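All of these numbers come straight from a predicted model, not from anything done at the bench. Along the sequence shown, residues carry numbers from 1.
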Amino acid sequence: MECPHLEEAVKILAPPTIADTKTHFVCAVCNTEKNPWICTNCGKIHCGRYVNGHGKLHNEENPNHSVCMDCESFAVFCYACDEFVINDTEQGHLDKLRRHVVQLLMRVDTCSKHEHCDENSENKSSQNRTQLTLRPKVRRNSTESQENVPISKRRNSTETQENDPKRKRLKKEDRISRPRSSGLRNLGNTCFMNAVLQSLSNIQQFCGYIKQLPSLEEKSTKKKHITRKASKTEEDILLIEEVRKTLIALWQGTKGAISPESLFCVIWKVVPRFRGYQQQDAHEFMRYLLDRLHTELLSLLPYPNNNSPFIGPKGKSTIVTAIFGGLLQNEVTCLECRMESKKHDPFLDLSLDIPPQFSTRSSKNKEGDPVCRLEDCLSSFTELEELEASELYMCSNCKKKQRSTKKFWIRRLPNVLCLHIKRFRWQSYFRVKLDTFVEFPLKDLNMNKYVLNNLVTNEYDLAAAIVHHGSGAGSGHYTAYAQHDGQWFNFNDSTVTMCEEQTVARCKAYILFYIRREFKIPDYFNGTSHR
């Protein structure tokens, strides 16, 4: 959105302290390096609202300091508007500040490389340290090997700390809590893509299958020979191959964040509507991504290598439908002759309305008001409803359009139940967001009462959640929560942080991913290992 507060809130053109080129941004309050934001009015560095929230606190104490810039993705946010900013001042202050921050980071990276190449120049790096708002960028990884530590330092540290039980306990806890997955850099309003990829990457059976696929580029070129003069068409470009490479890079764990540029370029080529740097809808992107992966896998199967356990027989099923695919039963009943018509529709996700009694509320519930639960949304989806006069049903028995009722049943549930909470709706000529809090279970979601013919256990546990922050449909910011090895993590573009279950339970979820406890897929989709 275009922010009206820039002229009064944007004053600086460069970070105030850039003399020490061997430093990175840290919060002036808590000294953390996670998710740093620079105030465009005074130049102070504070952490984002999803770390310790000192940037927001700084704005509350200084109302005119409402605009800040992310020091990693260079996105600009206004606390007064509660939205990301797309415009600039007439003098271009934000663009100039962005360039100075980029130059500073480039100088830091260059200096870090020189330090790595010259291990004997330790005394040089200990001089001229700046303590105001910057400090050395040192990766603190307690599980890190000491191979790159000088021998003298290694001996001192081991002699004094080897038998320290407190340090051993901290090392063990840090090793357990450290996320193996990397973050994804924001390439310019690409948080919608990052949140979806991080959620899918933490669904073990799906990610494991995609990662261990053989390279599919050769299959594509063999299928249709492309000369030097000819260029690849949309049909020749494989999205599945770029997704495979991205998931592999995510779980290598060698980098704090990776850049999904190649994947984003492929998406630009195959989906014109996602071109540019405008904010996109995460649910629409997820649906397109899964549909495209399913279509590509169908066209590539069976793979020539018959020994590969990760390629199934050619048909209508792929790993996408085996994990996310379910079946709905749509029952329409004529109110005149009581004739029933049943239709079966496959689905990869269910879009749930927030019931009317909850959707008219403000974002904050008043004390004593009932809380909207996920079960309320599911019940609203499956309840019997009478079709409006504009939707009269053509009855095959009456041979004319009649009033009728409609009801949805879930005939077959998927292994991963993806629930999309419809938070955006049209009001006059604008899309508005429903900021209603929907309470959802982290464990023990029982779907039995919504399913026909309950022959198996239909209990689910939450695996991931995508959240939209902000009030606008075409703006705001997406983050994701996902569980890995029993621990919850928050994925905010480049930043991956550990979080508590209570934090996840309090979020206003937009998309929820539930995994069935009795996870069953055909044998030809089962690999020996997933990660």
Side-chain angles (χ1 to χ4, degrees), residues 73 75 181-203 206-252 254-255 257-301 303 308 310-311 318-321 323-324 348-349 418 464 466 478 480 491 493-494 511:
S73 68
S181 176
S182 302
L184 287 167
R185 290 194 180 93
N186 193 314
L187 306 178
N189 279 332
T190 58
C191 54
F192 69 94
M193 178 181 73
N194 294 345
V196 171
L197 289 174
Q198 292 287 15
S199 298
L200 296 179
S201 76
N202 281 278
I203 297 174
F206 176 78
C207 180
Y209 177 92
I210 299 297
K211 281 169 53 183
Q212 299 188 52
L213 281 172
S215 176
L216 299 173
E217 287 179 332
E218 294 180 6
K219 173 64 178 174
S220 178
T221 54
K222 288 179 181 179
K223 183 181 177 184
K224 184 176 181 180
H225 180 67
I226 301 174
T227 62
R228 291 183 180 180
K229 294 183 179 180
S231 59
K232 287 188 177 182
T233 63
E234 290 184 7
E235 296 179 355
D236 301 318
I237 300 172
L238 286 180
L239 183 60
I240 180 68
E241 179 63 15
E242 291 302 329
V243 171
R244 184 184 74 87
K245 292 176 182 177
T246 302
L247 292 179
I248 290 174
L250 268 179
W251 286 100
Q252 283 178 340
T254 56
K255 297 181 179 179
I258 66 170
S259 179
E261 290 180 20
S262 298
L263 175 59
F264 197 43
C265 287
V266 170
I267 291 170
W268 276 26
K269 293 176 182 177
V270 297
V271 201
R273 64 156 300 162
F274 288 120
R275 291 175 186 169
Y277 294 96
Q278 299 83 11
Q279 181 64 279
Q280 302 288 349
D281 186 274
H283 175 249
E284 292 179 6
F285 172 75
M286 182 199 71
R287 280 305 311 269
Y288 175 81
L289 178 66
L290 293 178
D291 287 340
R292 176 81 183 195
L293 296 182
H294 173 66
T295 303
E296 288 185 1
L297 288 172
L298 281 179
S299 66
L300 292 168
L301 303 184
Y303 194 74
S308 174
F310 308 108
I311 302 291
T318 65
I319 190 65
V320 176
T321 53
I323 289 182
F324 297 96
L348 294 178
D349 70 299
C418 180
I466 295 176
Y478 287 99
F491 297 87
D493 288 335
S494 301
I511 306 174

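- Rounding to the nearest 0.5 Å gives a distance of 9.5 Å between CD1 of I210 and CG of L200.
- The side chain to side chain donor-acceptor pair (under 3.5 Å) test applied to T190 returns N186, not counting sequence neighbours.
- The side-chain heavy atoms of Y288 and V270, taken from C-beta on, include a pair separated by under 4.5 Å.
- Checked against E242 for a side-chain contact (heavy atoms from CB on, under 4.5 Å), the options I237, V266, I267 give a single hit: V266.
- Between F324 and F206, the ring planes are perpendicular. Angles over 60° get that label, and only those under 30° would be called parallel.
- Looking only at side-chain heavy atoms (C-beta outward), L289 and V243 come within less than 4.5 Å of each other.
- Take R185 and apply the salt bridge (charged side-chain N to carboxylate O under 4.0 Å, His left out) test, not counting sequence neighbours, and it matches no residue.
- By the salt bridge (charged side-chain N to carboxylate O under 4.0 Å, His left out) test, E284 pairs with R273, sequence neighbours left out.
- Separating the CZ atom in F491 from the OG atom in S182 is a distance of 9.5 Å, to the nearest 0.5 Å.
- D349 pairs by the side chain to side chain donor-acceptor pair (under 3.5 Å) definition with H283, R287, not counting sequence neighbours.
- Between C418 and L348, every side-chain heavy-atom pair lies at or beyond the 4.5 Å cut-off.
- Annotation: the span from I466 atom CD1 to S199 atom OG amounts to 3.5 Å, rounded to 0.5 Å.
- The side-chain heavy atoms of F192 and F274, taken from C-beta on, include a pair separated by under 4.5 Å.
- Between P260 and M193, the closest side-chain pair of non-hydrogen atoms falls below 4.5 Å.
- Residues L298 and T295 have side chains not in contact (no heavy-atom distance under 4.5 Å, counting atoms from C-beta outward).
- Partners of S259 by side chain to side chain donor-acceptor pair (under 3.5 Å), not counting sequence neighbours, listed by chain and number: E261.
- Using modelled atom types, one side-chain atom of E296 and one backbone atom of I240 make a donor-acceptor pair closer than 3.5 Å.
- The side-chain heavy atoms of I323 and Y209, taken from C-beta on, include no pair separated by under 4.5 Å.
- Within the 4.5 Å cutoff, the side chain of L184 has no heavy atoms near those of the D493 side chain.
- Residues satisfying the ring pair (Phe, Tyr, Trp, His ring centres under 6.0 Å) criterion with F264, sequence neighbours excluded, are W268.
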